[in-house]
**Q** 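Right, I'll just put the structure down here and ask away after.
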Amino acid sequence: MPGELLKLGEYDSSKETHLATDRAIDQTLRHLKAEIIHRWVPTEEFDFDSLETAAGFWIATGGNYVDSGKLIEAIQLARVCKIPCLGTCSGFQHIVLEYAQNMLGIEHAGHTEYQPETPEPFITPLPCSLRGKSMRIQLSRDSLSFRLYKELIIEEKYFCSFGINPRYSQAVQDGPIAVSGVDEDGAFRIVEYADHPFMVGTLFVPQVASVDRQPHPLIEGFIRAVLGY
């Protein structure tokens with residue numbers, strides 16, 4: 001039996017982004033005339049045997065993870081085992097946290113929303129909240145994101161107030177992750193791994209822009225990778 005697509009995080013039916021995640025997956029599967037089981041898995045219920053046999057991970061938006069440490073481990077599993085993985089909003093933040101801790105060697109890289117006193121504040125409040133805003137992003141021509149969007153300039157909607165601490169920007173760029181999308185101020189908005197079938201983090205929330213008969217290109221690319229895993 002093919003593996004499942006696991007949506008990792010605490011599901012909340014009152015959150016627009018969680019409803020949009022389910023809707024976007026179903027829209028894309030209908031468009032591709034394909035089927036796959038997709039289900040939510042709270043972080044406190046992670047079973048790593050099940051994670052290892054999954055066909056893909058969607059790291060959920062919305063934060064409020066009961067066990068963010070387990071989430072970091074799941075992201076590491078996706079990176080090392082080449083399991084397709086998409087992280088949106090809080091998912092982006094935790095993809096770069098895993099990268100900082102396990103690839104940049106910043107052992108105590110932390111998220112100030114969860115750890116206000118962290119000695120290494122890698123994820124911090126944005127200078128200006130992006131919650132509810134739509135903003136332009138420039139893509140790198142040599143990125144997977146550009147190949148999927150087929151456009152250099154895109155516009156996407158945000159639901160977040162946290163991002164990468166600017167003091168770590170150079171460290172991020174110097175490592176193996178690729179910054180494939182930046183805003184008009186050069187702030188990082190999309191990251192991806194070039195040597196991975198699909199591992200992309202977006203600070204914005206593409207699922208809210210997905211509609212019937214026209215699934216979001218990034219989500220379609222992710223679902224295709226999951227189906228092919």
Side-chain angles (χ1 to χ4, degrees), residues 17 20-21 23-25 27-28 31-32 56-59 61 75 78-79 82 84-96 98-100 103 123 126-228:
T17 56
T21 298
R23 189 167 56 245
I25 293 171
Q27 289 167 343
T28 305
H31 176 74
L32 297 175
F57 300 152
W58 190 320
I59 314 301
T61 66
I75 293 168
R79 176 175 56 78
K82 309 293 186 183
C85 181
L86 173 63
T88 55
C89 194
S90 298
F92 165 96
Q93 295 161 18
H94 284 74
I95 283 176
V96 295
E98 190 279 327
Y99 169 74
M103 301 201 71
I123 301 295
L126 296 167
C128 179
S129 173
L130 297 176
R131 191 177 299 276
K133 295 181 180 179
S134 294
M135 299 186 70
R136 293 167 54 139
I137 300 158
Q138 180 169 335
L139 304 182
S140 300
R141 283 189 179 275
D142 59 351
S143 67
L144 171 62
S145 298
F146 173 69
R147 294 196 298 274
L148 293 173
Y149 277 98
K150 298 180 174 61
E151 296 180 52
L152 272 177
I153 305 295
I154 61 172
E155 186 168 317
E156 294 284 3
K157 189 173 182 179
Y158 295 82
F159 284 76
C160 68
S161 303
F162 288 82
I164 299 172
N165 185 339
R167 85 184 222 199
Y168 293 103
S169 295
Q170 193 60 52
V172 171
Q173 288 183 305
D174 289 345
I177 208 167
V179 177
S180 54
V182 298
D183 71 7
E184 294 174 344
D185 296 321
F188 303 161
R189 299 298 181 241
I190 311 176
V191 294
E192 60 185 64
Y193 286 95
D195 62 347
H196 196 286
F198 192 105
M199 191 158 190
V200 178
T202 71
L203 193 62
F204 54 85
V205 184
Q207 55 267 49
V208 300
S210 193
V211 296
D212 272 321
R213 293 183 293 279
Q214 192 175 353
H216 192 285
L218 199 62
I219 296 172
E220 182 176 342
F222 170 58
I223 297 298
R224 286 183 182 276
V226 171
L227 293 169

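Numbers here are sequence positions counted from 1.
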**Q** Just to verify, what does Ser143 make a side-chain hydrogen bond (donor to acceptor under 3.5 Å, both in side chains) with, not counting sequence neighbours?
**A** none

**Q** Excluding sequence neighbours, so at least two apart, what forms side chain to side chain contact (heavy atoms under 4.5 Å, CB included) with Asp212?
**A**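 Asp212 satisfies side chain to side chain contact (heavy atoms under 4.5 Å, CB included) with Gln27, Arg30 only.
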
**Q** Would you give the length of the straight line joining atom CD of Gln207 to atom OG1 of Thr17, rounded to the nearest 0.5 angstrom?
**A** 6.5 Å

**Q** Among all residues two or more places apart in sequence or in another chain, which pass the side chain to side chain contact (heavy atoms under 4.5 Å, CB included) test with Ala178?
**A** Glu192

**Q** Between Ser169 and Pro166, is there a donor-acceptor pair closer than 3.5 Å when you use the side chain of the first and the backbone of the second?
**A** yes

**Q** Applying side-chain hydrogen bond (donor to acceptor under 3.5 Å, both in side chains), can you list everything that pairs with Asn165, at least two apart in sequence or on another chain?
**A** none

**Q** Heavy-atom distance under 4.5 Å between the side chains of Leu32 and Leu227, does that happen here?
**A** yes

**Q** Please output the side-chain donor-acceptor pairs of residues 150-159 that fall under 3.5 Å, not counting sequence neighbours, one pair per line with the distance.
**A**
from	atom 1	to	atom 2	distance (Å)
Glu156	OE2	Tyr149	OH	2.7
Glu156	OE2	His216	NE2	2.6

**Q** Any ring pair (Phe, Tyr, Trp, His ring centres under 6.0 Å) involving residues 160-193? Give me the pairs, sequence neighbours left out, ordered by first then second residue.
**A**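 For residues 160-193, and leaving out neighbouring residues, the ring pair (Phe, Tyr, Trp, His ring centres under 6.0 Å) pairs sorted by first residue read His111-Phe162, Phe122-Tyr168.
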
**Q** Of all residues at least two apart in sequence or in a different chain, which pass the ring-ring contact (aromatic ring centres under 6.0 Å, His included) check with Phe198?
**A**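 Phe222.
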
**Q** Over all heavy atoms of both residues, which pair between Cys89 and Val205 is shortest? Give the atoms and the distance, please.
**A** CB-CG2, 4.0 Å

**Q** Looking at residues at least two apart in the chain, or sitting in another chain, which of them share a side chain to side chain contact (heavy atoms under 4.5 Å, CB included) with Ala187?
**A** Asp183, Arg189

**Q** Using the side-chain contact (heavy atoms from CB on, under 4.5 Å) definition, which of the options Ile164, Thr61, Leu86, Ile59 pairs with Phe92?
**A** Ile164

**Q** Is the CZ atom of Arg167 crowded by more than 12 outside heavy atoms at less than 6.0 Å?
**A** yes

**Q** Would you compute the distance between atom CD1 of Ile190 and atom CZ of Phe204 and round it to the nearest 0.5 angstrom?
**A**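 That separation rounds to 4.0 Å.
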
**Q** How far apart are the closest heavy atoms of Phe146 and Ser140, and which atoms are they?
**A** CB-O, 3.2 Å

**Q** Between Pro197 and Leu144, which heavy-atom pair has the shortest distance, and what is it?
**A**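 It is O-CD2, 4.5 Å.
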
**Q** Check Ile95 against Cys85 and note the closest heavy-atom contact, atom names and distance.
**A**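 So the two residues come closest at CD1-SG, 4.4 Å.
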
**Q** Ser129: which residues meet the side-chain hydrogen bond (donor to acceptor under 3.5 Å, both in side chains) condition with it, sequence neighbours left out?
**A** Ser161

**Q** If you take all heavy atoms of Cys160 and Leu203, which pair is closest and at what distance?
**A** SG-CG, 3.5 Å

**Q** Going by heavy atoms in the side chains, are Trp58 and Thr88 under 4.5 Å from each other?
**A**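 Sidechains of Thr88 and Trp58: in contact.
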
**Q** Quick one: list whatever passes salt bridge (Lys or Arg N to Asp or Glu O under 4.0 Å) with Asp142, sequence neighbours left out.
**A** none

**Q** Closer than 3.5 angstrom, by distance alone: can the side chain of His94 be matched with the main-chain N or O of Gly87 as a donor-acceptor pair?
**A**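 Absent.
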
**Q** Quick one: does Ser90's side chain get under 4.5 Å of Gln93's, heavy atoms only?
**A**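 Of all side-chain heavy-atom pairs linking Gln93 with Ser90, at least one is under 4.5 Å.
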
**Q** Compare every heavy atom of Glu98 with every heavy atom of Arg79, then report the nearest pair and how far apart it is.
**A**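 Here Arg79 and Glu98 meet closest at NH2-OE2, 2.7 Å.
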
**Q** Among all residues two or more places apart in sequence or in another chain, which pass the side-chain hydrogen bond (donor to acceptor under 3.5 Å, both in side chains) test with Thr28?
**A**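 Scan of Thr28 (side-chain hydrogen bond (donor to acceptor under 3.5 Å, both in side chains), adjacent residues dropped) gives none.
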
**Q** Does Glu184 have any side chain to side chain contact (heavy atoms under 4.5 Å, CB included) partners at least two apart in sequence or in another chain, and if so, which?
**A**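 Per chain and number, Glu184 pairs via side chain to side chain contact (heavy atoms under 4.5 Å, CB included) with Arg136.
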
